[in-house]
Amino acid sequence: MHSFFFPLIQTALVAAGVATEKPIQIEQPSDKKFGDFSTNIALLAAKECRRNPRELAQDIIKHLQFQPDTVSKIEVAGAGFINFYLAPVFIMRSVEKVLENGDEFGKGCTGKGQKAVVEYVSANPTGPLTIGRGRGGVLGDCIANLLETQGYNVTREYYFNDAGRQMQILAESVQLRYLELCGRESEFPATHYQGEYIREIAETIYAEHNTALQESSDLSFFKKSAETTIFASIRKTLERVGIKHNSFFNEHTLYHADENGITANQRVIEALKAMNFIAEYDGATWFLTTKLGQEKDKVLIKSSGEPSYRLPDIAYHVTKFERDFEMIVNVFGADHIDEYPDVLEALRILGYDTSRIKIAINQFVTTTVDGQTLKMSTRKGNADLLDDLIDDVGADATRLFFIMRGKDSHLNFDVDLAKKQSKENPVFYLQYAHARICSLLRMALQETGFDPATCKEYHLLQLLSSPAELQLGFALLNFPDMVKASLRLLEPQKMVEYLHSLAELFHRFYQECPILKAESDICKARLFLSVATRQVLQNGFRILGVSAPQSM
RNA sequence: GUGCCCGUAGCUCAAUGGAUAGAGCAUCAGCCUUCUAAGCUGAGGGUUACUGGUUCGAGUCCAGUCGGGCGCACCA
């Protein structure tokens, strides 16, 4: 709707002789009595025009040109707001568009087919996925969905590392457990992976090889075995909650020499060296972040000769530019918050346009079971597992709960609430609205023969004029703007809230307006409104990755 | 100590710098011989942690204070 009002207001400003640099803001007042849309342009421009804002607003609306079948009323209110009231006919005509566009309603083309990459999950295969990772995973998946609706060509990427020290420790952990099974008692170091899954992997190895490997000093078999098993479990878990990837980027490729015998990591070092941001001291190679005002330099190559995680991180992001991504979204947890500023600085120094990079950081998750809040502990083997949560509350509740709070807020995941089959549980509240419409339409087909697939008398919608009907219709035409806002803020939570309010408006309409018992044309019109609501619910659910049940 | 996030109704959370700060849950009062009551209607409940500042206007922006979370490795 922004694109609808914007040019008209701009024209009116020119016609009224108002010259202002201030942006035209169009908002939806919180209270319906202030109209369906409103602009504060008169307030913003008043000062530079040296005029009273209310008078200025009066002047502007004199020059606003609207057809009476789109805007029914324009008025000046408060300190100088200009409020617009949409004509009922216009709202209902918009509902027709929902029906005509179907699955496509809400999609846009701002992406223009540009390449976008969203990186999410990116957990190394050292253990099963935790609940904390799950939140970021769902967030990333929804952001990727949002980008796709806006016409981006999206790569959903998982960046992982199957080399390095953590994998070494993993391999040692499995080996130690294996040796225990072979009857060799040893002290299991506290630094190693304590989880039960390590024993299970060791048991599998023992079952296949018995004690044959106990004299082997080669860890690679244990590493490979652990990696394969764990990665399979991670991917299975991701699949269960509908978190999809179509690209797995192995950090190891950054260590491979190209045709000139140089690795991606080395290229980064050379490039930064050319910009005088590299120094060697204490046996290591450093990124001179002190030159950028930071307190300490950062190690890129350790004195052992191995790159620290920072170097491949930079090299990895260079590949995102080399792969021509116009939009680069990184999703990660708050524990990695210190990671990205260095990467961004390095990329900036190397001449890349870092404004293409958007960072979405999600805060942590605690779970509440039986009213008791459990704190997550990492790497101790007693971390909350995403798989257990899915077993407990199902995939839909898992997804929706992860994104129904702002990503910047700590999430308190109430497991008991997520299991409840009632209005208290927002998952059921949303899905119930959809199921209720499906049920209604089944009944309609049975009793009146109404079939939305064949009956296309959408113009009947214009017969509807009650507040409940108009508010529902208005909410429907807002959907495309809500999709755009969710994407702009990288915040699927906006979509959850919108769908919740849509469900609420439908339930009210359903309560107040008899549908099947209404006179024939009104009945059809109300069924069309219901079908349109179901369509928007489905389109929204698809973005969130939540199922739309036909009955409950 | 320091960087980032958070502090809003009893609880969980909303509010692109806008108008009287909103939902849900919980509490209380109503609505099913009628399309799914897994629903709807209404009521009560607030010094937006605190103190200053910026401006037509601040929960929102800035500074400081107090609380809570997460980081601060030659781990990732």
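Just so we're on the same page: letters track the sequence lines, and every chain starts at 1. What you are looking at is a predicted structure, and each value in this text was computed from that prediction instead of being measured.
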- request: Would you tell me if any nitrogen or oxygen in the side chain of K298(A) comes within less than 4.0 Å of OP1 or OP2 on C74(B)?
  value: no

query: What's the closest nucleotide to the K47(A) side chain, out of A19(B), C74(B), U55(B)?
result: U55(B)

message: Can a donor-acceptor pair be found, under 3.5 Å and without considering hydrogens, that links the side chain of N161(A) to the backbone of N124(A)?
response: no

task: Assign a letter to each nucleotide of nucleotides 29-37 of chain B from its 5' end: B, base within under 4.0 Å of a protein heavy atom; S, sugar-phosphate only; -, no contact.
output: -----SBBS

- prompt: Considering only U16(B), C56(B), C74(B), which nucleotide approaches the side chain of E27(A) most closely?
  reply: U16(B)

field: A284(A) backbone acceptor or donor facing D282(A) side chain under 3.5 Å
entry: no

- request: Kindly say if K494(A) contacts the phosphate of U16(B), meaning a side-chain N or O under 4.0 Å from OP1 or OP2.
  value: no

task: Please step through side chain to side chain donor-acceptor pair (under 3.5 Å) for the pair Y316(A) and E157(A), ending with a clear verdict.
output: CA-CA 12 Å; Y316(A) 168 50; E157(A) 193 151 278; 2.7 Å; yes

- line: Sequence neighbours excluded, the answer for ring-ring contact (aromatic ring centres under 6.0 Å, His included) partners of Y120(A) is H245(A)

query: According to a strict under-4.0 Å criterion, is S501(A) in side-chain N/O contact with OP1 or OP2 of G22(B)?
result: no

- prompt: Under 3.5 Å, is there an N or O donor on one side and an acceptor on the other linking the side chain of D335(A) and the base of G71(B)?
  reply: no

- prompt: Rounding to a whole Å, what distance do you find between Y316(A):OH and A76(B):P?
  reply: 17 Å

field: Euclidean distance, atom CG of residue D408(A) to atom P of G59(B) [Å, nearest integer]
entry: 20 Å

message: With the 90 degree cut-off around zero defining syn, does C62(B) come out syn or anti?
response: anti

statement: Dot-bracket assigned to RNA chain B with the 3.5 Å Watson-Crick/G-U criterion, [ ] for crossing and | for other-strand pairs, is (((((((..((((....[...)))).(((((.......))))).....(((((..]....))))))))))))....

statement: Per atom distances to the E504(A) side chain, the nearest of G24(B), G68(B), U55(B) is G24(B)

- prompt: For the base of A19(B), is there a side-chain donor-acceptor partner from N83(A) under 3.5 Å away?
  reply: yes

